[in-house]
2 protein chains.
Amino acid sequence: MEISEKNQSFVYHFGEMGSKWGFNRTVGQMYALLVITENPLTANELASALSISRGNVSMGIKELQSWQLVQVSHIPGDRKEYYRAIGSVWDMANTVFEERRKREVDPTLSVLRNLLLEAPQDESEVYAQQRMQDIHDLLEMVTSWAAELQRLSPEQLGTLMKLGAGVSKMLSVKQQLFSNKKD
Amino acid sequence: MEISEKNQSFVYHFGEMGSKWGFNRTVGQMYALLVITENPLTANELASALSISRGNVSMGIKELQSWQLVQVSHIPGDRKEYYRAIGSVWDMANTVFEERRKREVDPTLSVLRNLLLEAPQDESEVYAQQRMQDIHDLLEMVTSWAAELQRLSPEQLGTLMKLGAGVSKMLSVKQQLFSNKKD
DNA sequence: ACGAACTTTCAGACATTTCTGAAAGTTTAG
DNA sequence: CTAAACTTTCAGAAATGTCTGAAAGTTCGT
């Protein structure tokens, strides 16, 4: 299988970028190709389209499955497995974020929680614990906020996003009301 | 210089994590150590505390400076350079996000924009362009939203975060009103 | 039970990234 | 100008990550 020149530059670019997002170059390319291809592809098609070995495709697919990003389907009377990207672009972004959170943020939070349980032994550990607490709080805030966003429907998200600059206005009104009450 | 056992596990963990966030293990360790240490450190102190070479520290500092995460200071009568982490934890997170956006999202947006300018040559390119458009729109939305968040003060952010589940309620009310108007 | 059509695994080749340490560069004091 | 006290650079060593392709494994129809 060959790819058109235009699609190729997309696929290659995603290969480079993908490697910054937690998977390697060929996995990025495979995923990009699956996303822009309407009909499902076989492992051999992926291998020939990207000029990589059959074995590499097999491992890449496994990786993408662990990220819950691809789906396997079958065609009656055909033994081959056909792969396609799962869900909408928004679903994909959601999945990648959640996966990254599980792999990167959650372990950090757990390390921080353990370290914060122990009593500081000296001056320097007091300061260190304060900084760890800051980081812990920030990560928890971001995590719960992200969970909240994931619960929203795509339409609600669109509304929220379009709100744009409105958010800060809304907040400043809210805060003024709040501080007035206190006085 | 030695680090206490507790601080060491923090530093090492951040080394591992840091490598997933765009810089390598030792750079992550250096940064973690600077964050939890109140007084500025010299390059030699960093090297001995982390058991890495002096040259490596020099390159790491350069990297951290390119991320705008460390500051150099001097002590009168002392030739050495003293390094410390810049700003609050929130500032750090902001900086890292912005830096990552510049390095990862912006180039992708530019590639996508170029590809979307050209007319599709066939059926398959039409579909491909639709997916590229989806990704483009999503990235733009996220980018502008992130820019908006950065403009908020830490306090406003706190309010917004604490709003939590409130956001979806607020939005659903807003949308009901909106759809009523349409009827 | 056998063979055809497929997929997965994994040892070793290859590629990339990171690290060291010696040498070169810079700055300041005298 | 020179020496001392520092920092930076960079070639090559070490470590890590990726890819290939042959062999082993799986599944299905007969």
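Values below: every heavy atom of this structure, side chains too, minus hydrogens, waters and symmetry copies. Note on naming: letters A, B, ... go to the chains in the order of the sequence lines (proteins, then strands), and numbering restarts at 1 for each one.
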Residue met sooner reading DNA chain C from 5', once B:Val27 and B:Arg79 are mapped to nucleotides: B:Val27

Indicate whether OP1 or OP2 belonging to D:dC19 is found under 4.0 Å from a side-chain N or O atom of A:Asn24. yes

Let me know the distance between CD of A:Glu81 and P of D:dC28, rounded to the nearest Å. 10 Å

Output yes when at least one side-chain N/O atom of B:Arg54 is less than 4.0 Å from OP1 or OP2 of D:dT7, else no. yes

Check DNA chain D against residues 55-66 of chain A and give the residues with a non-hydrogen atom under 4.0 Å, in numerical order. A:Gly55, A:Asn56

Among residues 38-51 of chain A, which residues get a heavy atom nearer than 4.0 Å to DNA chain D? A:Ser51

In whole angstroms, the gap separating C1' of C:dC6 from CG of A:Asp78 amounts to 10 Å

Are any of B:Arg25's side-chain N or O atoms less than 4.0 Å away from OP1 or OP2 of C:dC19? yes

Minimum heavy-atom distance between B:Ile75 and B:Tyr82, given as atom pair plus value: CD1-CZ, 3.6 Å

Distance under 6.0 Å and angle within 45° of the ring axis: does B:Arg101 meet both against B:Phe97? no

Hey, are A:Glu140 and A:Arg113 close enough for a salt bridge, meaning a charged N less than 4.0 Å from a carboxylate O? yes

Test item: B:Asp137 and A:Val89 side chains (from C-beta on) under 4.5 Å apart, heavy atoms: no

Within less than 4.0 Å of OP1 or OP2 of D:dT18, is there a side-chain N or O belonging to A:Thr26? no

Show your reasoning for whether side-chain contact (heavy atoms from CB on, under 4.5 Å) applies to A:Leu50 and A:Thr26. CA-CA 8 Å; A:Leu50 300 172; A:Thr26 42; over 6 Å; no

Backbone N or O of A:Ala119 within a donor-acceptor pair of the B:Lys6 side chain at under 3.5 Å? yes

Short question: side chain of A:Asp91, backbone of A:Ser88 - any donor-acceptor pair under 3.5 Å? yes

Looking at A:Gln65 and A:Val72, would you say the former's side chain and the latter's main chain have a donor-acceptor pair under 3.5 Å? no

Distance to the ring centre below 6.0 angstrom and angle to the axis at most 45 degrees; does that hold for A:Arg103 and A:Trp67? yes

May I have the distance from A:Ile52 (atom CD1) to C:dA15 (atom P), rounded to whole angstrom? 16 Å

Distance in angstrom units between A:Met30 CE and C:dT7 P, rounded: 12 Å

